[in-house]
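Notes to accompany the following structure.
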Amino acid sequence: MRSGIIMLSITILIYGVFFYFFPDKTYIAFMKSFHIFEKLLLVLLIIFIFTILSNLFINKDRISKYFSNSFRGYFTSLFASWVAMGPTYAWYPLLSTLKEKGIKDSVLVVFLFARGIKPIWLPLMIVFFGLKYTIIFVIIVSIFAVLQGFLYKYVFENNI
């Protein structure tokens, strides 16, 4: 919380200094930032609601069962990453909540690494790059996402 207040104070100070020297450009920059915030507000609200619902209805045992630190957990995380829509940063609060519920970092690594595969974009990818390229891309990203999870588990969770 304290670091957030410090960051907000620094941002306000920087805007104040720039507003003093370049009022027109600073106003335009502020309005662009405000419009980005408006767009993010709905996404953040949805993530907030999902976080509340996950705290109410998802218990640690259920999370541990599906997202365990095993091969099954990695593949569950892999497929969850494929269907997760929106920008990656919008998922950070929910992933943080799931981590608090007991999901290991290595499973989250698989989720974040495999975000490059989006089923909704696969037809377009086939049109531009061809079926062979798309299949190879999906296979390679999937394999390396799981390998990345195992590597993370081996290096960081086993305290090497």
Side-chain angles (χ1 to χ4, degrees), residues 3-4 7-8 11 25 27-160:
S3 62
M7 182 64 181
L8 178 62
T11 304
K25 290 181 181 182
Y27 178 76
I28 292 170
F30 178 77
M31 291 310 294
K32 285 184 180 183
S33 297
F34 183 74
H35 290 304
I36 290 171
F37 177 72
E38 282 181 324
K39 290 177 183 177
L40 285 178
L41 198 57
L42 178 62
V43 173
L44 292 174
L45 180 64
I46 291 170
I47 294 298
F48 182 70
I49 290 169
F50 277 134
T51 302
I52 290 172
L53 292 176
S54 72
N55 281 331
L56 291 175
F57 298 112
I58 299 176
N59 61 23
K60 185 176 181 178
D61 297 331
R62 187 175 291 164
I63 289 289
S64 297
K65 178 182 174 184
Y66 291 109
F67 290 97
S68 62
N69 201 16
S70 66
F71 209 62
R72 176 184 170 188
Y74 288 172
F75 278 100
T76 304
S77 183
L78 180 71
F79 293 120
S81 139
W82 292 354
V83 297
M85 294 296 160
T88 304
Y89 62 84
W91 286 93
Y92 291 161
L94 184 62
L95 293 176
S96 175
T97 301
L98 293 176
K99 183 179 176 180
E100 291 170 6
K101 296 272 186 184
I103 292 181
K104 295 284 188 187
D105 288 342
S106 57
V107 177
L108 297 178
V109 166
V110 174
F111 180 88
L112 292 171
F113 193 89
R115 296 277 296 149
I117 300 172
K118 291 286 155 244
I120 197 167
W121 293 112
L122 291 179
L124 192 63
M125 191 177 216
I126 291 169
V127 168
F128 282 106
F129 302 109
L131 181 63
K132 183 178 175 182
Y133 176 89
T134 304
I135 290 171
I136 291 171
F137 173 80
V138 169
I139 290 171
I140 288 175
V141 170
S142 300
I143 289 170
F144 278 96
V146 173
L147 286 175
Q148 193 82 357
F150 279 119
L151 182 65
Y152 187 92
K153 176 182 177 182
Y154 179 76
V155 172
F156 294 105
E157 292 176 0
N158 291 333
N159 297 322
I160 293 179

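You'll find the side chain of I28 stays beyond 4.5 Å of the side chain of M31, heavy atoms only. L122 places a side-chain heavy atom less than 4.5 Å from the side chain of V138.
Qualifying ring-ring contact (aromatic ring centres under 6.0 Å, His included) partners for Y152, counting only residues two or more places apart in sequence or in other chains: F156. The ring-ring contact (aromatic ring centres under 6.0 Å, His included) test applied to Y92 returns no partner, not counting sequence neighbours. In this view, L151 and V155 satisfy the side-chain contact (heavy atoms from CB on, under 4.5 Å) rule, not counting sequence neighbours. In this structure F30 satisfies the ring-ring contact (aromatic ring centres under 6.0 Å, His included) test together with Y15, sequence neighbours excluded. With sequence neighbours excluded, the residues satisfying side-chain contact (heavy atoms from CB on, under 4.5 Å) with S96 are E100.
Here the shortest heavy-atom pairing between L78 and A114 reads CD1-CB, 3.4 Å. Across all their heavy atoms, G149 and Y74 have their closest contact at O-OH, 3.5 Å.
Distance CZ/F113 to OG/S81: 10.5 Å, rounded to 0.5 Å.
The salt bridge (Lys or Arg N to Asp or Glu O under 4.0 Å) pairs that include a residue from residues 105-123 are K99-D105, where partners are two or more places apart or lie in different chains.
In this structure a side-chain-to-backbone donor-acceptor pair under 3.5 Å is present from T11 to M7. Between the side chain of S33 and the main chain of A29, a donor-acceptor pair closer than 3.5 Å is present.
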Using a 3.5 Å cut-off and no angle test, enumerate the donor-acceptor pairs between side-chain atoms of residues 129-137 and protein atoms at least two apart in sequence or in another chain.
residue	atom	partner	partner atom	Å
T134	OG1	G130	O	2.8

(message) Please evaluate residues S142 and W82 with respect to the criterion side-chain contact (heavy atoms from CB on, under 4.5 Å), reporting the C-alpha separation (whole Å), side-chain torsions for both, the decisive distance (0.1 Å), and the verdict.
(response) CA-CA 10 Å; S142 300; W82 292 354; 3.1 Å; yes
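No more than 12 heavy atoms of other residues, nucleotides or ligands sit less than 6.0 Å from atom OH of Y27.
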